[in-house]
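The structure appears below as structure tokens.
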Amino acid sequence: MSTASLIMNVKPSSGFVVTPYLQEIIERALDYVQAGFPLNLSGPPGVGKTTLAFHIAAQLGRAVVLISGDHLFNSSDLVGEMRGFRKSLVRDNFIRTVLKTDESVTSQWRDNPLTLACRHGYTLVYDEFTRSRPEANNVLLSVLEEGILYLNAAKNGELFLRIHKDFRTIFTSNPREYAGVYSAQDALRDRMITIELTHFDKDTETTICQGRSGLSRSECEEIVEIVRQVRQACKNRTAPSVRAAIMIATVVRAKGGLEEIDRTLFERVCLDMLLSEVPIGQRNHVKAVVDSMSNRRSAVEVNGDGREEER
């Protein structure tokens with residue numbers, strides 16, 4: 001991958017949903033980042049950490065460099081390394097009877113994402129940084145505290161790099177108890193400002209669901225309510241997120257909306273989307289929640305003038 005392919009010009013998305021709940025988080029996050037502090041958006045899957053990170057980065061008006069955490073990373077994958085060699089051969093046969101050759105081989109240095117962002121003052125988005133091993137992320141300590149990046153190998157005698165004044169960092173992470181993540185070293189967390197993200201309020205989830213699925217707001221409200229009821233029943237951080245509501249709503253819209261979709265199919269879709277995220281011991285309760293919400297809908301009929309009547 002070339003270094004040029006790592007750089008993205010990110011602009012604020014017109015489709016990004018902003019509610020009072022999200023606006024408060026965005027404004028607070030921008031205050032921290034613009035003041036020069038590293039920002040860590042931490043929370044369970046499906047709460048929009050990565051989307052929010054890119055939206056915040058877009059407000060800064062700088063190119064974005066993305067890193068996705070990987071347990072195979074080492075510091076060279078972040079900083080850079082010598083890659084390949086360049087061979088130069090010069091033949092001098094100016095005098096016919098004398099042949100002179102000059103051959104030289106030089107190693108080639110390649111900046112990797114972190115160095116690229118530090119050198120040019122780009123915004124670094126390090127997605128799920130706790131999926132990388134702590135020793136790979138140690139190189140960030142001097143970057144975030146002293147504003148210096150130590151290079152793994154000399155590049156034209158360059159042993160360290162002073163960070164560009166416009167360089168900014170936005171991290172995302174899952175809580176420590178999730179499988180597949182490492183505990184970040186305390187020294188690194190101490191250098192960040194962490195905003196703990198939880199599941200959104202109902203208004204925000206409904207607005208996001210409507211914007212992503214194209215279903216009506218009233219229909220999204222019903223679907224979001226089912227997901228929230230299931231989440232409350234789970235009472236753990238692996239409970240379904242707004243992503244599940246979006247998936248259900250998208251399928252419902254493809255089937256013509258809540259008024260058109262078969263009730264049995266609707267229940268099956270809800271269970272397909274929700275049960276996989278729920279512990280086995282709580283699945284019967286989830287089925288009861290979906291069945292109850294579905295029965296409530298089937299008991300209500302909307303007549304021609306918009307009033308609701310019991311069937």
Side-chain angles (χ1 to χ4, degrees), residues 8-69 114 117-118 121-131 137 140-141 143-145 147 163-178 181 183-212 224 228 231 237 239 241-243 245-246:
M8 296 176 287
N9 291 313
V10 180
K11 296 181 180 179
S13 172
S14 58
F16 185 85
V17 172
V18 178
T19 64
Y21 173 89
L22 282 175
Q23 185 61 34
E24 190 275 334
I25 294 176
I26 292 168
E27 290 178 356
R28 186 154 38 101
L30 278 171
D31 286 342
Y32 299 151
V33 175
Q34 290 172 336
F37 294 110
L39 175 68
N40 176 27
L41 301 175
S42 177
V47 297
K49 300 185 297 293
T50 305
T51 302
L52 184 58
F54 273 104
H55 181 77
I56 294 169
Q59 312 302 310
L60 301 176
R62 301 285 294 176
V64 172
V65 174
L66 172 66
I67 302 175
S68 293
L114 178 60
C118 291
Y122 299 145
T123 299
L124 177 71
V125 175
Y126 195 162
D127 193 34
E128 303 291 1
F129 83 96
T130 50
R131 288 182 183 169
N137 290 329
L140 291 164
L141 298 176
V143 172
L144 302 183
E145 183 68 20
I163 308 305
H164 193 286
K165 63 180 180 62
D166 293 327
F167 172 73
R168 297 292 184 271
T169 50
I170 303 174
F171 299 84
T172 74
S173 62
N174 274 332
R176 296 182 183 183
E177 62 266 24
Y178 273 84
V181 301
S183 295
Q185 55 271 61
D186 292 338
L188 183 55
R189 287 190 177 275
D190 186 57
R191 287 161 166 80
M192 303 174 176
I193 295 179
T194 298
I195 295 180
E196 292 282 351
L197 299 177
T198 58
H199 296 288
F200 303 130
D201 61 3
K202 185 175 181 180
D203 174 64
T204 299
E205 290 191 331
T206 301
T207 304
I208 292 173
C209 182
Q210 181 185 10
R212 295 288 300 276
V224 166
R228 292 177 69 84
R231 187 184 304 150
R237 300 198 73 179
S241 69
V242 68
R243 185 180 291 141
I246 294 170

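Keep in mind that this is a model prediction, so the values were computed, not measured.
For Phe129, the ring pair (Phe, Tyr, Trp, His ring centres under 6.0 Å) partners two or more places apart in sequence, or in a different chain, are Phe171. With sequence neighbours excluded, the residues that form a side chain to side chain contact (heavy atoms under 4.5 Å, CB included) with Val47 are Pro44, Lys49, Leu197, His199. Applying the side chain to side chain contact (heavy atoms under 4.5 Å, CB included) rule to Arg228 yields the partners Lys202, Glu205, Val224, Arg231; only residues at least two apart in sequence or on another chain are considered. The side chain to side chain contact (heavy atoms under 4.5 Å, CB included) search around Ile193 returns Tyr32, Phe37, not counting sequence neighbours.
Side-chain polar atoms of Asp203 and Thr19 form no donor-acceptor pair below 3.5 angstrom. Under 3.5 Å, the side chains of Asp127 and Thr172 contain a donor-acceptor pair of N or O atoms. Looking only at atom types and distance, the side chain of Tyr122 has no donor-acceptor partner in the side chain of Asp166 under 3.5 Å away. For the 3.5 Å distance criterion, the side chains of Asn174 and Ser42 fail to qualify, holding no donor opposite an acceptor.
Of the listed residues (Thr123, Leu66, Val125), just one forms a side chain to side chain contact (heavy atoms under 4.5 Å, CB included) with Met8, and that residue is Leu66.
The salt bridge (charged side-chain N to carboxylate O under 4.0 Å, His left out) analysis of residues 50-60, with sequence neighbours excluded, yields no pairs. Under the salt bridge (charged side-chain N to carboxylate O under 4.0 Å, His left out) criterion, the residue pairs touching residues 27-37 are Glu24-Arg28, with sequence neighbours excluded.
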Legend entry - Check against ring-ring contact (aromatic ring centres under 6.0 Å, His included), Phe200 and Tyr21: CA-CA 8 Å; Phe200 303 130; Tyr21 173 89; 5.7 Å; yes
